[in-house]
Amino acid sequence: QVQLVESGGGSVQAGGSLTLSCRASGPSSVNLCMGWFRQAPGKEREVVAAIDGSRSYAVADSVEGRFNIDRDNAKNTLVLQMSSLKPEDTAVYYCAATRAALFRGGTYCLRAEYTYWGQGTQVTVSS
């Protein structure tokens, strides 16, 4: 069982930056795909970025060049660095994880089905 706890959400003006963190507890996080998802009001949940245990990552087209994902396996933490934020980035952001071999790749993790989910953290971007 993997428990995930997000932190770092908040309110920011358009063009600003925000960093989300996720701490994983339980077995070693190395053999896990980890990802960030978001769900805006009235919309379906969508994947934002994902990373495998070797730190190979991929991001969704909608955030390419603005968001970056990284992880620290020694500390069991995952981060999402968001910059040039837009009002349409407003959503609840979720950290997620699922079992995967170490070198599956970021693209695989971006498309994977996720098993473990955090509670979510709100990000609000005002214009």
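All values derive from a computational prediction rather than experimental measurement. All values below were derived from every heavy atom in this structure, side-chain atoms included, with hydrogens, water molecules and symmetry-related copies excluded.
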Glu46: what forms a salt bridge (charged side-chain N to carboxylate O under 4.0 Å, His left out) with it, not counting sequence neighbours?
Arg38
By salt bridge (charged side-chain N to carboxylate O under 4.0 Å, His left out) - contacts of Asp70 (at least two apart):
Arg55
Got [X] and [Y] here, is their nearest side-chain heavy-atom distance under 4.5 Å?
X     : Y     : value
Asp89 : Arg66 : yes
Asn68 : Val59 : no
Thr19 : Leu80 : no

Give me each pair satisfying disulfide (SG to SG under 2.5 Å) with a member in [range], each pair once, sequence neighbours excluded.
range          : value
residues 34-70 : none
residues 31-82 : Cys33-Cys109
residues 59-98 : Cys22-Cys95

Closest non-hydrogen atoms of Val2 and Ala24, given as atom of the first, atom of the second and distance, are CG1-CB, 4.3 Å
Heavy atoms of Ala91 and Ala40 approach each other most closely as CB-N, 3.8 Å
Taking atom types as modelled and ignoring hydrogens, do the side chains of Ser17 and Ser83 form a donor-acceptor contact shorter than 3.5 angstrom?
no
Straight-line distance of [X] [atom1] to [Y] [atom2], nearest 0.5 Å:
X     : Y     : atom1 : atom2 : answer
Arg23 : Asn76 : CZ    : CG    : 6.5 Å
Met34 : Leu78 : CE    : CG    : 4.5 Å
Thr98 : Asn31 : OG1   : CG    : 11.5 Å

Test log, rule side-chain contact (heavy atoms from CB on, under 4.5 Å), inputs Arg99 and Thr115
CA-CA 8 Å; Arg99 299 288 176 197; Thr115 305; over 6 Å; no
Selection residues 101-113 - residue pairs positive for side chain to side chain donor-acceptor pair (under 3.5 Å), sequence neighbours left out
none
Side chain to side chain donor-acceptor pair (under 3.5 Å) contacts touching residues 116-127 (sequence neighbours left out)
Gln122-Thr124
Indicate, with yes or no, if [Y] and [X] share a hydrophobic cluster defined by side-chain heavy-atom contacts under 4.5 Å among Ile, Leu, Val, Met, Phe, Trp and Tyr.
X     : Y      : answer
Val12 : Trp36  : yes
Ile69 : Leu85  : yes
Val48 : Val123 : yes
Leu4  : Leu32  : yes

Does anything in residues 1-11 form a salt bridge (Lys or Arg N to Asp or Glu O under 4.0 Å)? List the pairs, not counting sequence neighbours.
none
In chain order, what residues pass the side chain to side chain donor-acceptor pair (under 3.5 Å) check against Ser25, with sequence neighbours excluded?
Gln3
If a pair satisfies ring-ring contact (aromatic ring centres under 6.0 Å, His included) and one of its residues is in residues 46-100, list it, with sequence neighbours excluded.
none
By ring-ring contact (aromatic ring centres under 6.0 Å, His included), which residues pair with Tyr114, not counting sequence neighbours?
Phe37
Donor-acceptor check, side chain of Thr90 to backbone of Val125, threshold 3.5 angstrom: yes or no?
yes
Pairing residues for Ser56 by the side chain to side chain contact (heavy atoms under 4.5 Å, CB included) criterion, not counting sequence neighbours
Asp52, Ser54
